[in-house]
There are 2 protein chains.
Amino acid sequence: MRIGELSTRTQTPMRLLRYYEEQELIESNRLPNGYRDYEEYVVDRVLQVRGLLDVGLPTRIIKQILPCLNTPRTIHMPYVTPDMVATLERERDRMAEKIECLTKNHQAITDYLDAVRRNIRAS
Amino acid sequence: MRIGELSTRTQTPMRLLRYYEEQELIESNRLPNGYRDYEEYVVDRVLQVRGLLDVGLPTRIIKQILPCLNTPRTIHMPYVTPDMVATLERERDRMAEKIECLTKNHQAITDYLDAVRRNIRAS
DNA sequence: ATTGACCTTCACACTAATGTCACCCATCGA
DNA sequence: TCGATGGGTGACATTAGTGTGAAGGTCAAT
């Protein structure tokens, strides 16, 4: 599929799709005319990348962990350098921290909203 | 306390403490000589702010939701405009999404690491 | 009285993730 | 063949969060 379709299917500006490619987060083949040609799986890939970006991971890290998060859950194990393992462990721990922080604040907001609503109802 | 102490206690560069103040995320009084003078609670506040930043919330949003997340759990209810409630609900939902995304990827990494370790042990 | 640590403001700079615009080529339908 | 539409590259702009350094005050201790 070409970039326009990928863009609408992933709700992502073409500009960003090109950017992600530049950052080596996704890949494309080229049609004879130079147009980008994406394979089907890239759709999921883009969504996953955007999820991770949105969650605060930098492209640099995403690029590193992506091979381990392959959508066709083929845990195909490349050269897993100890270095790589370390990165993964570090990121995993950071994620855990983030989850905790988010959960706490999510709860705080929820509580607050509840209180507000009770307040409104009472007045 | 002055900025140096706050900086070491929160592990945060002074530069950023000033920046947070500029963004109205924290406040300070001034000593007669112009030095910033922080109250004790600011320590927690800074940590909270950094947690939220790290988790991907922009200062703009943090500023808005901060009054509802006061550390001295005095749910002191200011003018809760409907607008404000809307923002809170939106952010809360976004947080939930992020938590989900993070959890999923956290799990994926964990699984992967497990697989790698099994692989190593087997070889 | 000077040094050194701590503080102030101002300002320039960088990176990441995006937006936007300019200019040109390709494709396809009228 | 013309024009709309879709694509390609490149470059400059922007915002957020930081780093860093200049130039200058304050203060405590020597």
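Order of the sequence lines sets the chain letters (A, B, ...), proteins ahead of strands, with each chain counted from 1. All values below come from the heavy atoms of this structure, side chains included, with hydrogens, waters and symmetry mates left out.
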Inset, instruction - Please state whether the phosphate of C/dC7, meaning OP1 or OP2, lies under 4.0 angstrom from any side-chain nitrogen or oxygen of B/Arg36. - result: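 No, outside the criterion.
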Inset, instruction - State whether A/Tyr20 places a side-chain N or O below 4.0 Å from either non-bridging phosphate oxygen (OP1 or OP2) of C/dA17. - result: no
Please enumerate all protein N or O atoms sitting under 3.5 Å from an N or O of nucleotides 25-27 of chain C, with distances to 0.1 Å.
| unit_1 | atom_1 | unit_2 | atom_2 | d |
| --- | --- | --- | --- | --- |
| C/dT27 | OP1 | A/Asn33 | ND2 | 3.3 |

Legend entry - Atom CD of B/Gln107 with >12 non-hydrogen neighbours under 6.0 angstrom: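 It does: B/Gln107 CD has more than 12 such atoms within range.
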Legend entry - Close side-chain approach of B/Pro58 to B/Ile61, heavy-atom, < 4.5 Å: yes
Legend entry - Ion pair B/Arg36/B/Glu22, N-O distance below 4.0 Å: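 No.
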Inset, instruction - Whole angstrom is fine here: how far is it from CD in A/Gln23 over to P in C/dA17? - result: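 Those two atoms, CD and P, are 7 Å apart.
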Inset, instruction - Give A/Arg50 one of three labels, base, sugar-phosphate or nothing, depending on what nucleic acid heavy atoms sit under 4.0 Å from its own. - result: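 No contact.
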Legend entry - salt_bridge(B/Glu39, B/Arg45) N-O dist < 4.0 Å: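 Looking at B/Arg45 together with B/Glu39, the answer is no, because their closest N to O distance does not fall below 4.0 Å.
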Legend entry - Atom pair distance, as rounded to whole Å: CD in B/Glu21 and P in C/dC10: 13 Å
Inset, instruction - Report yes if the side chains of A/Val42 and A/Leu17 come closer than 4.5 Å at any heavy-atom pair, otherwise no. - result: no
Inset, instruction - Scan residues 4-17 of chain B against DNA chain C and write down, sorted by residue number, each residue with any heavy atom closer than 4.0 Å; if none is found, say none. - result: B/Gly4, B/Met14, B/Arg15
Legend entry - Hphob cluster co-occupancy, B/Tyr35 + B/Ile26, side-chain heavy atoms under 4.5 angstrom: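 Each belongs to a different hydrophobic cluster.
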Legend entry - Side chains of A/Gln64 and A/Glu91 in contact at under 4.5 Å (non-hydrogen atoms): no
Inset, instruction - Answer yes or no: is there a side-chain heavy-atom contact under 4.5 Å between B/Met95 and A/Asn105? - result: yes
Legend entry - Euclidean distance, atom CZ of residue B/Arg18 to atom P of C/dC7 [Å, nearest integer]: 8 Å
Legend entry - Where chain B begins and ends its contact with DNA chain D, read 5' to 3' at 4.0 Å from heavy atoms: D/dA16 to D/dC27
Inset, instruction - Taking the side chain as every heavy atom from C-beta outward, state whether A/Leu66 and A/Val49 have any pair of such atoms under 4.5 Å apart. - result: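 Yes; the side chains approach each other to less than 4.5 Å.
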Legend entry - Electrostatic pair A/Glu5-A/Arg2, nearest N-O below 4.0 angstrom: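 No, this pair does not count.
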Inset, instruction - Take atom NZ of A/Lys63 and atom C1' of C/dA17, then tell me their distance rounded to the nearest Å. - result: 15 Å
Legend entry - Rounded interatomic separation in angstrom, taking CG from B/Leu53 and P from C/dA16: 18 Å
Inset, instruction - Might you confirm whether atom CZ of A/Arg60 has over 12 heavy atoms from other residues, nucleotides or ligands at distances under 6.0 Å? - result: no
